[in-house]
Number of protein chains: 2
Amino acid sequence: MNLQELFGKRVRELRQKQELSQEALAFKAGIDRTYMTSIENGKRNVSIQNIEKVITALDVPVKDFFASDIFIEGKK
Amino acid sequence: MNLQELFGKRVRELRQKQELSQEALAFKAGIDRTYMTSIENGKRNVSIQNIEKVITALDVPVKDFFASDIFIEGKK
DNA sequence: TCAATATGTGACGTATAGTCCGTTGACTTA
DNA sequence: TAAGTCAACGGACTATACGTCACATATTGA
């Protein structure tokens, strides 16, 4: 699991916790609906500007976003 | 200060703490020296794959990299 | 003064990020 | 059956990041 995949996993986790659809989150973040899908599935090499957009749309501090066991080395 | 700039700032901070030159860190990360310069100066919209390369080269967990007051909202 | 080391800049071709349009299948509700 | 929502995918297109180069500047030491 690389950071790209872990990022998508974490986005999905937080999005579902808020009961938002991919489309709704994409709209909040100002990015394309289909792009949000591929981000969550770890298929895209997202840029840091879009990372910031998504995290902001999720309404969580950057610090908290990455303060998850998901990002601990060795996790499957 | 956007995330792009904060990222560069944090990279520089951790690199200097280890007394590495930009070139030495760039080599460890497998990227170009001049590219590392522009990353630290917040001039590049780095992708998540290169973010991972740099953080790995800094030899710090992702979690710890972002667990810095730098990333707290409202910081100049 | 010269050489070595470290950092920064602008520009450029190429690779790919990201958008836009549409389709499909799974699931739900009427 | 039909209609709606949602997630995923694909093709075609445009925007932009990647990766590198030549060059510049500053500092340090012989």
Side-chain angles (χ1 to χ4, degrees), chain A residues 1-63 65-66 68-71 75-76, chain B residues 1-62 65-66 68 70-71 75-76:
Chain A
M1 265 270 193
N2 54 31
L3 187 55
Q4 177 175 321
E5 292 168 319
L6 295 173
F7 177 75
K9 211 173 171 180
R10 179 71 168 145
V11 169
R12 172 160 294 169
E13 180 184 42
L14 293 172
R15 175 180 64 80
Q16 291 178 334
K17 200 170 292 179
Q18 300 181 41
E19 299 187 49
L20 286 171
S21 67
Q22 289 179 347
E23 188 165 16
L25 180 60
F27 181 79
K28 281 188 72 179
I31 65 179
D32 195 76
R33 160 185 67 87
T34 65
Y35 195 53
M36 183 64 75
T37 298
S38 46
I39 286 176
E40 284 193 3
N41 290 325
K43 304 236 175 80
R44 293 297 189 132
N45 186 13
V46 206
S47 71
I48 198 165
Q49 284 177 11
N50 282 329
I51 288 173
E52 183 168 27
K53 284 185 191 172
V54 171
I55 293 182
T56 301
L58 283 168
D59 214 34
V60 59
V62 175
K63 205 171 172 172
F65 181 91
F66 290 103
S68 165
D69 287 343
I70 285 183
F71 296 106
K75 248 280 197 172
K76 187 184 63 161
Chain B
M1 266 266 194
N2 54 31
L3 187 56
Q4 178 175 321
E5 293 168 319
L6 295 173
F7 176 76
K9 211 174 170 178
R10 179 70 168 144
V11 170
R12 173 160 293 170
E13 181 185 42
L14 293 172
R15 174 180 63 82
Q16 291 178 334
K17 199 170 293 180
Q18 299 180 43
E19 299 187 46
L20 286 172
S21 67
Q22 287 181 348
E23 188 164 16
L25 180 61
F27 181 78
K28 281 188 73 179
I31 66 181
D32 194 79
R33 170 190 72 78
T34 65
Y35 193 56
M36 182 65 74
T37 298
S38 46
I39 287 176
E40 283 193 5
N41 289 324
K43 302 245 173 75
R44 296 287 192 135
N45 186 13
V46 208
S47 72
I48 198 164
Q49 284 176 11
N50 281 332
I51 289 173
E52 183 168 27
K53 283 185 193 171
V54 172
I55 293 182
T56 301
L58 284 168
D59 213 34
V60 59
V62 176
F65 181 92
F66 290 102
S68 165
I70 284 184
F71 297 106
K75 247 283 194 171
K76 186 184 61 155

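So you know, we letter chains A, B, ... as the sequences are listed, proteins then strands, and number each from 1.
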Atom-to-atom span, [atom1] of [X] to [atom2] of [N] - whole angstrom:
{"X": "A/Gln4", "N": "C/dT16", "atom1": "CD", "atom2": "P", "result": "12 Å"}
{"X": "B/Tyr35", "N": "D/dA22", "atom1": "OH", "atom2": "C1'", "result": "19 Å"}
{"X": "B/Ile39", "N": "C/dT9", "atom1": "CD1", "atom2": "P", "result": "14 Å"}
{"X": "B/Phe27", "N": "C/dA6", "atom1": "CZ", "atom2": "C1'", "result": "17 Å"}
{"X": "B/Asn41", "N": "C/dA6", "atom1": "CG", "atom2": "P", "result": "17 Å"}

Start with the C-alpha distance between A/Ile39 and A/Asn50, add both sets of side-chain angles, then the distance that settles side chain to side chain contact (heavy atoms under 4.5 Å, CB included), and finish with yes or no.
CA-CA 10 Å; A/Ile39 286 176; A/Asn50 282 329; 5.6 Å; no
[X] side, atom [atom1]; [Y] side, atom [atom2] - distance, nearest 0.5 Å:
{"X": "A/Gln22", "Y": "A/Asn41", "atom1": "CD", "atom2": "CG", "value": "7.0 Å"}
{"X": "B/Asp32", "Y": "B/Glu23", "atom1": "CG", "atom2": "CD", "value": "9.0 Å"}
{"X": "B/Ile48", "Y": "A/Phe7", "atom1": "CD1", "atom2": "CZ", "value": "5.5 Å"}
{"X": "A/Leu14", "Y": "A/Asp59", "atom1": "CG", "atom2": "CG", "value": "10.5 Å"}
{"X": "B/Gln49", "Y": "B/Lys53", "atom1": "CD", "atom2": "NZ", "value": "7.0 Å"}

Which ones in residues 42-52 of chain A lie close to DNA chain C, meaning a heavy atom under 4.0 Å from one of its atoms?
A/Arg44, A/Asn45, A/Val46, A/Ser47, A/Asn50
Near-strand residues of residues 11-23 of chain A, defined as heavy-atom separation under 4.0 angstrom from DNA chain C
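None - not one residue of the stretch has a heavy atom sitting under 4.0 Å from the strand.
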Identify each atom pair where a protein N or O and an N or O of nucleotides 28-30 of chain D are less than 3.5 Å apart, giving names and distance.
none

With under 30° as parallel and over 60° as perpendicular, where do the rings of A/Phe66 and A/Phe71 fit, or are they tilted in between?
tilted
When all nucleic acid strands are considered with a 4.0 Å heavy-atom cut-off, which category describes A/Ile31: base, sugar-phosphate, or nothing?
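Touches sugar-phosphate only.
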Ring-face cation of A/Arg10 near A/Phe65 (centre distance under 6.0 Å, axis angle within 45°):
yes
Here's a test for you: under side-chain contact (heavy atoms from CB on, under 4.5 Å), which of B/Ile55, B/Leu6, B/Leu25 qualifies with B/Val11?
B/Leu25
Protein proximity profile, nucleotides 20-30 of chain C - base contact B, sugar-phosphate-only contact S, no contact -, cut-off 4.0 Å on heavy atoms:
BBB--------
Quickly, which of A/Arg12, A/Lys9, A/Gln16 forms a side-chain hydrogen bond (donor to acceptor under 3.5 Å, both in side chains) with A/Glu40? Name it, please.
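One option only clears the test, and that one is A/Arg12.
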Tell me, please, which residues at least two apart from A/Asn2 pass side-chain contact (heavy atoms from CB on, under 4.5 Å).
A/Gln4, A/Glu5, B/Glu52
For B/Ser38, what residues pass the side-chain contact (heavy atoms from CB on, under 4.5 Å) criterion, not counting sequence neighbours?
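Once residues adjacent in sequence are excluded, the partners of B/Ser38 under the side-chain contact (heavy atoms from CB on, under 4.5 Å) criterion are B/Tyr35, B/Lys43, B/Arg44.
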Could you pull out the closest heavy-atom pair between B/Met36 and B/Ala29, with the gap in Å?
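It is CE-CB, 4.4 Å.
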